[in-house]
Engineer: 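Below is one structure. I have some questions about it.
Note that these values count all heavy atoms, side chains included, but never hydrogens, waters or copies made by symmetry. Throughout, a chain's letter reflects where its sequence line sits, starting with A, and its residues are numbered from 1. Computed from a predicted model, the values in this text were never measured in an experiment.
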Amino acid sequence: MPGLAAPLIAWYRDAARDLPWRREGFGAWGTLVSEFMLQQTPVNRVVPHLEAWLTRWPTPADLAASPPGDAVTQWANLGYPRRALWLHRAAVEIRDRHDGVVPRDVDALLALTGIGDYTARAVAVFAYGDRHPVVDTNTRRVLARAVEGRAQPGPPNRRDLEAMEAELPADIAEAAIVNAAAMELGAIVCTARAPKCEACPLAAQCAWRAAGYPASEDRRRKQATYEGSDRQTRGAVLKTLREAAPAAVPAFAIIPEWPDAAQRDRAIDSLIADGLVEAVDDHLRLPGHPAS
DNA sequence: GACACGTGGAT
DNA sequence: TATCCAAGTGT
């Protein structure tokens with residue numbers, strides 16, 4: 001089986017999008033913030049928020065010095081607001097454990113709040129130029145198709161890292177490009193729906209294409225309905241508090257017209273349990289500095 | 001390993 | 001309109 005590296009590198013040189021975190025000297029903190037924002041949120045929605053974030057908090061210490069609620073407010077409507085809280089915690093950890101410098105070591109990165117297998121290696125590779133396999137959902141789909149001949153990848157697995165490692169050149173700089181190129185291909189060519197196979201640099205060697213594009217076995221779980229969900233309820237509560245911040249809001253004024261009052265109250269309790277909301281007297285607000 | 005966790009654009 | 005999908009992580 002011929003490797004994917006050479007055609008990916010050649011394709012990426014011409015096809016890569018011009019994205020902020022690919023600019024020369026973007027910095028490890030910028031890379032880290034971008035990766036947090038990109039966890040399950042599309043690129044086009046991230047870009048403007050990323051620039052505003054880095055203008056307000058140019059270093060981890062700057063963010064760590066602000067109350068966590070400010071991070072939740074600045075996060076705005078990017079979704080999964082716990083990521084804002086985790087990013088704030090990671091900034092505190094970086095300040096306290098790493099002298100304010102984003103660590104380079106993968107294990108040190110993995111020890112930070114909100115950083116898992118993907119983000120840790122993305123920072124080590126894209127910010128610091130080290131050699132590791134970086135595997136996101138795009139890469140998993142590219143490998144599933146080009147190498148395994150399947151329409152969709154199976155569930156995430158630690159073997160994914162080994163599968164990508166097998167495609168990386170020994171050269172450190174080239175390995176980084178192959179990581180980025182596999183993600184980019186999955187994002188703009190080898191897409192989940194309507195892949196552009198006629199424009200794919202791997203078409204000649206794609207196992208899925210060679211097998212006649214067999215359909216996936218479709219064991220994927222359907223995404224839960226959002227309308228009427230607890231997630232929607234939490235989102236509505238938090239939106240109210242973001243828009244009022246930094247002021248606290250009387251508890252009775254939190255989405256008072258919500259159809260299911262019990263669901264609303266459960267959402268508030270779960271947000272408090274998650275540390276996204278604080279209760280003070282009969283008011284709610286986004287979290288301030290912890291009492292010392 | 002399954003599940004919870006936001007939000008908005010595309011089909 | 002309903003469903004799918006998006007640079008994942010923690011429990």
Engineer: Go nucleotide by nucleotide along DNA chain C from the 5' end; which of A/Lys222 and A/Gly186 gets its closest nucleotide reached first?
Structural biologist: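 Going by which nucleotide is closer to the 5' end, it is A/Lys222.
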Engineer: Here's a test of your reading of the structure: between A/Arg141 and A/Pro156, which maps to the more 5' nucleotide of DNA chain C?
Structural biologist: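 Comparing both residues, the 5'-ward one is A/Arg141.
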Engineer: Kindly give the cluster partners of A/Ile254, where membership spreads through any ILVMFWY side chain lying under 4.5 Å from a current member.
Structural biologist: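 For the cluster that includes A/Ile254, the remaining residues are A/Val72, A/Leu85, A/Val237, A/Leu238, A/Leu241, A/Val249, A/Ile255, A/Trp258, A/Ile268, A/Leu271, A/Ile272, A/Leu276, A/Val277, A/Leu284, A/Leu286.
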Engineer: Quick one, which residues of residues 9-45 of chain A touch DNA chain C with a heavy atom under 4.0 Å?
Structural biologist: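 Here the set is A/Arg17, A/Leu19, A/Trp21, A/Arg22, A/Glu35, A/Leu38, A/Gln39, A/Gln40, A/Pro42.
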Engineer: For A/Thr73 and A/Asp70, which I'm curious about, is there any donor-acceptor pair between the side chains at under 3.5 Å?
Structural biologist: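 No, because no side-chain N or O of A/Thr73 sits under 3.5 Å from a partner of the opposite role on A/Asp70.
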Engineer: What residues form a ring pair (Phe, Tyr, Trp, His ring centres under 6.0 Å) with A/Tyr213, not counting sequence neighbours?
Structural biologist: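 In terms of ring pair (Phe, Tyr, Trp, His ring centres under 6.0 Å), with neighbours along the sequence ignored, A/Tyr213 is linked to A/Trp208.
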Engineer: Test A/Tyr118 against A/Val135 for side chain to side chain contact (heavy atoms under 4.5 Å, CB included), laying out the working first.
Structural biologist: CA-CA 6 Å; A/Tyr118 165 74; A/Val135 177; 6.0 Å; no
Engineer: Below 4.0 angstrom, N of the basic side chain to O of the carboxylate: do A/Glu165 and A/Arg131 qualify?
Structural biologist: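 A salt bridge links A/Glu165 with A/Arg131.
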Engineer: Report yes if the side chains of A/Asp117 and A/Arg158 come closer than 4.5 Å at any heavy-atom pair, otherwise no.
Structural biologist: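 Yes. Closest side-chain heavy atoms under 4.5 Å.
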Engineer: What is the first contacted nucleotide of DNA chain C and what is the last, in 5' to 3' order, if contact means an atom lying under 4.0 angstrom from a heavy atom of chain A?
Structural biologist: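 Endpoints of the contacted stretch of DNA chain C: C/dC4 to C/dG10.
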Engineer: Could you pick out which residue, A/Gly235 or A/Ala224, lies toward the 5' side of DNA chain B when each is mapped onto its nearest nucleotide?
Structural biologist: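 Upstream on the strand: A/Ala224.
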Engineer: For DNA chain C, what residues of residues 119-137 of chain A have any heavy atom nearer than 4.0 Å?
Structural biologist: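 Within this stretch, A/Thr119, A/Asp136, A/Thr137 sit under 4.0 Å of the strand.
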Engineer: Round to the nearest Å and state the distance from A/Glu227 atom CD to B/dT7 atom C1'.
Structural biologist: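 Going from A/Glu227 (CD) to B/dT7 (C1'), I get 12 Å.
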Engineer: Which residue pairs pass the ring pair (Phe, Tyr, Trp, His ring centres under 6.0 Å) test when at least one of the two sits in residues 124-173 of chain A, sequence neighbours left out?
Structural biologist: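 Every pair satisfying ring pair (Phe, Tyr, Trp, His ring centres under 6.0 Å) with a residue in residues 124-173 of chain A: there are none.
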Engineer: Report the distance from atom OH of A/Tyr226 to atom C1' of B/dG9, rounded to the nearest whole Å.
Structural biologist: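 Between C1' of B/dG9 and OH of A/Tyr226: 14 Å.
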Engineer: I need the CG-P distance between A/Asp230 and B/dT7, as an integer number of Å.
Structural biologist: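 Rounding to the nearest Å, CG of A/Asp230 and P of B/dT7 are 13 Å apart.
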Engineer: Work out how far the P atom of C/dC4 is from that of B/dC3, and round it to whole angstrom.
Structural biologist: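 Nearest-Å result for C/dC4 against B/dC3 at atom P: 15 Å.
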Engineer: In residues 236-271 of chain A, which ones come under 4.0 Å of DNA chain B, going by heavy atoms?
Structural biologist: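 Result for residues 236-271 of chain A: A/Arg242, sorted by number.
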Engineer: Examine the side chains of A/Thr41 and A/Arg83 and answer whether a donor and an acceptor come within less than 3.5 Å of each other.
Structural biologist: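 Yes, side-chain donor-acceptor contact under 3.5 Å.
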Engineer: According to the ring pair (Phe, Tyr, Trp, His ring centres under 6.0 Å) rule, which pairs have a member within residues 65-95 of chain A, sequence neighbours left out?
Structural biologist: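 Passing the test, one end in residues 65-95 of chain A: A/Trp53-A/Trp75.
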Engineer: Can you sort out which residues in residues 73-85 of chain A have a heavy atom within less than 4.0 Å of DNA chain C? Ascending by number, please.
Structural biologist: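 Residues of residues 73-85 of chain A under 4.0 Å from DNA chain C: none.
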Engineer: Yes or no on side chain to side chain contact (heavy atoms under 4.5 Å, CB included) for A/Arg121 and A/Asn179, after CA distance, side-chain angles and deciding distance?
Structural biologist: CA-CA 10 Å; A/Arg121 290 172 179 79; A/Asn179 278 313; over 6 Å; no
Engineer: With no hydrogens and no angle check, do the side chains of A/Thr233 and A/Asp230 hold a donor and an acceptor under 3.5 Å apart?
Structural biologist: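 The answer is no; no qualifying pair exists.
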Engineer: Report yes if the side chains of A/Pro7 and A/Gln205 come closer than 4.5 Å at any heavy-atom pair, otherwise no.
Structural biologist: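 They are in contact (side-chain heavy atoms under 4.5 Å apart), so the answer is yes.
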Engineer: Could you tell me if the side chain of A/Leu8 sits less than 4.5 Å from the side chain of A/Ile177, heavy atoms only?
Structural biologist: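 No; the side chains remain at least 4.5 Å from each other.
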Engineer: Per the ring pair (Phe, Tyr, Trp, His ring centres under 6.0 Å) rule, what does the pair list look like for residues 134-177 of chain A, sequence neighbours excluded?
Structural biologist: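 Passing the test, one end in residues 134-177 of chain A: no pairs.
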Engineer: Taking only heavy atoms on the protein side, list every residue of residues 188-198 of chain A lying under 4.0 Å from any atom of DNA chain C, sorted numerically.
Structural biologist: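 The answer is A/Ala192, A/Arg193.
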Engineer: Could you give the distance separating B/dT11 and C/dA7 at their P atoms, to the nearest angstrom?
Structural biologist: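 Pairwise P distance, C/dA7 against B/dT11, rounds to 14 Å.
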Engineer: Kindly indicate, with the supporting measurements, whether the criterion side chain to side chain contact (heavy atoms under 4.5 Å, CB included) is fulfilled by A/Ile188 and A/Lys196.
Structural biologist: CA-CA 8 Å; A/Ile188 66 180; A/Lys196 302 169 180 62; over 6 Å; no
Engineer: So, does A/Asp99 use its side chain to make a donor-acceptor pair with the main chain of A/Val101 at under 3.5 Å?
Structural biologist: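 No, the answer is negative, given that no donor and acceptor are paired below the 3.5 Å cut-off.
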Engineer: Not counting sequence neighbours, list each pair that qualifies as a ring pair (Phe, Tyr, Trp, His ring centres under 6.0 Å) and has a residue in residues 16-43 of chain A.
Structural biologist: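 Ring pair (Phe, Tyr, Trp, His ring centres under 6.0 Å) check on residues 16-43 of chain A returns no pairs.
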Engineer: Do A/Arg89 and A/Glu93 meet the salt-bridge criterion of a basic N to acidic O distance under 4.0 Å?
Structural biologist: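 A salt bridge is absent here (no side-chain N lies under 4.0 Å from a carboxylate O).
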Engineer: Measure from CZ on A/Arg231 to P on B/dG6 and round the result to the nearest Å.
Structural biologist: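 In whole Å, B/dG6 P lies 7 Å from A/Arg231 CZ.
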Engineer: Drop me the distance from A/Arg145's CZ to A/Cys200's SG, to the nearest 0.5 angstrom.
Structural biologist: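 One finds 9.5 Å between CZ of A/Arg145 and SG of A/Cys200.
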